[in-house]
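Every chain is numbered from 1 and lettered A, B, ... according to where its sequence line falls, protein lines coming before strand lines.
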Amino acid sequence: MTHAAADSLGNRLKEARARAGLTQAELAAAVGVTRKTVNTVENCVFVPSALLALKLARVLDTPVEELFFLRE
Amino acid sequence: MDTITRLVRRRNLVLALAGSAFFIWQTSELTQDLTVDGTALMSAANIGETIGAITWVVASLTFLAFTFQVRRERAGAIINDEAARHDRARAMAVGYKVMVVTIGVLFLSQEFIDMDAAVALRALLIVAVTAPVSLFLWFSRDSGDVEP
């Protein structure tokens, strides 16, 4: 993952997580990663794999394309 | 603090301890190779070698205990998640570049000073072990900004 990739992918993870009433630690446990990973994805520092993106979308009950989007 | 966060912190602590101990141990041995007997620097190197070696053994045993704990908690896959694997790969890649630069510096140095091959190899060993460990700890540092 390059910095360019991290810069070009946006997400609405924080909002979706707040809607679901989950903490970062609870979401991390639900998808099988560390809290730090959820934190870095939320802050657009780390670009998740397609598998993790799909798991996050399933747990947050949100379409993956709504959760993640390409920045212009 | 949840179990996973505690395990991640413990892993980083053990890695930091092992990396520091290895650095002190091997740097002391390197100093012994380059210093004459009876000097204060040699005495300091002797003490550093003993402390570093003992601490490294303790850190290695602690790491072994840590791996058993991770297995018991069935947390291996979580603490080695994709972000951790990414940090590790990045640390190895940058560590490799640091090693190439070190080889270049050693290669240039031998033009000016008479260098024993064992000294150069030990210097490379120190960089090869401590650079990736330090870089991994830096890349995987937790900002600690827990958001509810």
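- Checked by atom type and distance alone, the side chain of B/Glu82 pairs as donor or acceptor with a backbone atom of A/Ser49 at under 3.5 Å.
- Closest non-hydrogen pair, A/Lys36 versus B/Phe139, comes out as NZ-O, 3.8 Å.
- When the shell of 6.0 Å around CZ of A/Phe69 is examined, it contains more than 12 heavy atoms from other residues, nucleotides or ligands.
- Taking Ile, Leu, Val, Met, Phe, Trp and Tyr as hydrophobic and joining them when side-chain heavy atoms fall under 4.5 Å apart, one finds B/Ile4 in a cluster with B/Leu7, B/Val8, B/Val14, B/Leu15, B/Phe63, B/Phe66, B/Val70, B/Ile78, B/Ile79, B/Val133, B/Phe136, B/Leu137.
- Annotation: A/Phe68, atom CZ; neighbour count of heavy atoms from other residues, nucleotides and ligands within 6.0 Å is above 12.
- A pairwise comparison of heavy atoms in A/Gly32 and B/Asp81 identifies O-CB, 4.5 Å as the closest pair.
- Pairs engaging residues 25-52 of chain B under the ring-ring contact (aromatic ring centres under 6.0 Å, His included) rule: B/Phe22-B/Trp25, B/Trp25-B/Trp56 [sequence neighbours left out].
- Contact detail for A/Arg35 and B/Thr5: the closest heavy-atom pair is CB-OG1, 4.4 Å.
- The line from OG1 of A/Thr40 to NE2 of B/His86 is 9.5 Å long, rounded to the nearest 0.5 Å.
- Heavy-atom neighbours of A/Arg71 CZ from other residues, nucleotides or ligands within 6.0 Å: above the threshold of 12.
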